[in-house]
J.: 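Before anything else, here's the structure in question.
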Amino acid sequence: MILDISGVSFSYKSTPVIEEITFSAGAGELVAILGRNGAGKTTLLKCLNRILRAQAGTVLVEGIDTRTMRPIQIARTMGWVPQQAEVSAMTVFDLVLLGRKPHFGWAPARADYQKVEEALHTISIEHLALRSADELSGGEFQQVQIARALAQDPTIILFDEPTSSLDIHNELRLMHTIRRVIHHSRRSALIAVHDLNLALRYCDRFILLKEGRIFAAGGRQVITEATIREVYDIDVRVIEVEGSPMVIPVQ
Amino acid sequence: MEQMDPHLGTEAERYHAYIRGKVVLVVLLAAALAAAVIIATSIGSIKLPFAQVLSSLLRLDRSGQGRIIWDVRLVRVLAALLVGSSLSLSGTVMQSVLRNPLASPYTLGLSSAAAFGASVAIVLFGAGTSTSSTIIVSDFFTVAASAFAFSLLSTAAILLLTVLTTISAQSMVLAGIAIGSIFSAGLTLMQYLANSVQLSAIVSWTFGDLGRANWRSLGIIASSLAPILLLTLFVRWDFNAMDSGEDTAKGLGVRTAALRIGGMLASSLLSAVVVSYFGTIAFIGLLGPHIARRLFGADHRFLLIASPLIGALVLLSADTLARTILTPMVLPVGILTSLLGGPLFISLLLAGRKR
């Protein structure tokens with residue numbers, strides 16, 4: 001397993017946000033983190049790369065406890081795509097080059113620039129390379145952040161709602177690209193996502209969080225009318241469309 | 001979209017060309033500053049020809065009029081360079097780590113704290129006295145030391161607020177204004193308690209004035225500026241990461257808390273040294289970084305070099321104007337930076353942003 005999470009708990013002050021989270025992710029696997037607002041999806045992701053310090057539990061990356069790793073070592077193995085970030089007056093190339101920061105010393109080398117180019121091409125945003133980030137649309141900026149995480153060349157990429165600002169065309173294209181990159185390079189991705197059908201279409205495994213705890217976890221079979229009612233408090237029908245399940249809310 | 005061969009590295013090449021453009025701009029800035037140094041050294045009550053200034057500077061010739069150049073003019077010119085670049089660098093770092101464009105040594109209350117410290121030395125320690133006609137600060141070292149101590153105190157207050165509380169970076173500037181107002185009240189109290197001689201000494205200290213410069217104070221400022229500039233350049237990529245937000249920076253392996261505290265400590269120390277010697281010189285800590293951001297964007301690889309250069313250029317120009325505008329009277333430059341800095345800053349805000 002690339003990622004082993006065991007008993008991870010985190011509280012803000014005395015309010016528990018996530019409790020006793022245990023699961024793992026293998027090579028080439030996309031794991032969807034599902035749950036309602038406030039269920040702890042973002043908190044869970046941030047505990048993995050130690051943006052937040054979990055009060056209990058262990059996170060092992062390729063067998064190494066993240067608590068024994070320096071921040072820069074964690075950044076070399078885990079990429080992070082936040083849902084929102086502040087937009088600074090730097091070019092897209094500059095921002096994607098930041099993904100190489102954990103790898104280079106005083107200044108980027110030729111190989112780093114190549115990685116940036118590769119990432120720009122993978123996400124198909126090479127035409128934005130010299131645009132200033134503060135002139136981009138929300139969706140374009142989101143793609144820049146994904147490109148930066150790819151340039152970071154980590155073993156695991158943590159995505160927090162990576163397609164929330166994208167139109168349906170770009171959403172499908174980006175998810176397809178992410179899936180291709182993860183499968184091809186045998187990395188892992190953890191994706192916090194709201195769109196159940198998007199998750200069903202592109203992810204391999206599903207973690208359903210309810211009030212900070214794992215309610216259900218596993219393959220597509222865990223996305224059932226019963227589990228969704230419990231987790232999201234809505235009535236849905238799960239139907240089969242062209243061989244894949246699809247979630248449709250019912251009134 | 002144009003046809004591009006991914007193996008030719010088209011984006012990287014375009015990017016390198018773009019970066020070279022910025023490097024050229026930095027070189028031009030440095031050249032403009034060098035020219036300004038020659039011009040400023042030649043201007044004064046005795047007008048010296050550029051050629052003579054240049055040859056005296058290059059040949060380290062301190063004889064004849066070379067003495068004016070070296071011991072009078074150059075000290076002051078170098079003071080403008082060092083003070084301008086220090087304040088501007090401090091402002092850049094403070095604005096980055098606090099992620100607030102209003103952060104500067106002045107707006108964070110450091111200047112007020114230093115002024116209060118100076119007034120305490122003058123009133124309570126009797127460091128200000130008068131000779132027959134002119135008011136002087138007799139024990140200059142005590143005044144500077146006291147000013148420094150109090151600016152450290154305000155730095156400590158700001159740092160403690162940063163470390164101990166969950167106060168947001170944005171609120172830090174508000175806290176700085178509050179701290180500044182406390183010290184301003186203290187300064188007013190000291191002025192009220194002072195006798196007329198002490199009062200004159202306080203007021204004359206408060207004017208930011210480069211006329212107090214001597215080789216020793218320049219040495220102290222230079223030896224604070226150089227390591228801090230190097231240190232900030234060393235973490236220039238961390239600053240760039242920080243610009244995308246704290247979480248993004250952490251995700252890129254930046255120790256954000258250490259960067260914020262270290263950055264505040266270094267920039268506060270640097271500006272404390274400067275204001276302790278030279279008093280309140282407003283706006284340079286805002287103007288320098290903001291002009292640099294207009295020209296270079298948010299990339300700290302360039303900001304951390306360009307902002308000190310611009311701060312030096314602006315303060316040197318202002319001081320040269322202050323020396324000559326009412327000849328033979330020499331105005332403290334602090335008056336001029338406040339007077340001209342305000343409108344200049346507003347026009348900067350109104351002007352279109354350039355990348």
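Computed from a predicted model, the values in this text were never measured in an experiment. Here is how names work: the chains are called A, B, and so on, in the same order as the sequence lines, proteins then strands, and each is numbered from 1. Only this structure's heavy atoms are used, side chains among them; waters, hydrogens and symmetry mates stay out.
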J.: What parts of residues 244-252 of chain B touch chain A if we use heavy atoms and a cut-off under 4.5 Å?
T.: B/Ser244, B/Gly245, B/Asp247, B/Thr248, B/Lys250, B/Gly251, B/Leu252
J.: Measuring heavy-atom distances to chain B, does A/Ala149 have an atom under 4.5 Å in its side chain, in its backbone, in both, or in neither?
T.: neither
J.: Measure the shortest side-chain to side-chain distance between B/Leu87 and B/Phe283 over non-hydrogen atoms and say whether it is less than 4.5 angstrom.
T.: no
J.: Between chain A and each of B/Thr256, B/Leu233, B/Asn240, count heavy-atom pairs under 4.5 Å; write down the option with the most.
T.: B/Asn240
J.: Taking the side chain as every heavy atom from C-beta outward, state whether B/Leu309 and B/Ile305 have any pair of such atoms under 4.5 Å apart.
T.: yes
J.: Which answer fits A/Arg76, side chain, backbone, both or neither, if we ask what part of it has an atom under 4.5 Å from a heavy atom of chain B?
T.: neither
J.: For atom CG of B/Leu230, decide whether the heavy atoms of other residues, nucleotides or ligands shown that lie under 6.0 angstrom number more than 12.
T.: yes
J.: Do A/Phe93 and B/Arg14 have side chains that get closer than 4.5 Å, going by heavy atoms?
T.: no
J.: Given that the side chain runs from C-beta out, which part of A/Leu120 has a heavy atom under 4.5 Å from chain B: side chain, backbone, both or neither?
T.: side chain
J.: Are side-chain heavy atoms of B/Tyr15 and A/Val116 found at a separation under 4.5 Å?
T.: no
J.: Checking B/Arg236 against A/Trp106: charged group under 6.0 Å from the ring centre and within 45 degrees of the axis?
T.: yes
J.: So, do A/Thr77 and A/Ile156 sit near enough that their side-chain heavy atoms are less than 4.5 Å apart?
T.: no
J.: Evaluate side-chain hydrogen bond (donor to acceptor under 3.5 Å, both in side chains) for A/His103 paired with A/Gln152, printing each intermediate quantity in order.
T.: CA-CA 8 Å; A/His103 300 276; A/Gln152 203 169 334; over 6 Å; no
J.: Which residue is it: A/Arg173, A/Gln142, A/Glu171? I am looking for the one with a side chain to side chain donor-acceptor pair (under 3.5 Å) to A/Thr163.
T.: A/Glu171
J.: Give me the contact list for residues 47-65 of chain A versus chain B, heavy atoms only, anything under 4.5 Å, ordered by residue number.
T.: A/Asn49, A/Ile51
J.: Should A/Lys41 and A/Glu161 count as an ion pair when the cut-off is N to O under 4.0 Å?
T.: no
J.: Ion pair present between A/Arg187 and A/Asp153, side-chain N to carboxylate O less than 4.0 angstrom?
T.: yes
J.: Below 4.5 Å, heavy-atom pairs only: which of A/Ser88, A/Ala85, A/Pro82 has the largest tally toward chain B?
T.: A/Ser88
J.: What I want to find out is whether B/Arg260 reaches B/Asp238 closely enough, with some N-O distance under 4.0 Å, to be called a salt bridge.
T.: no
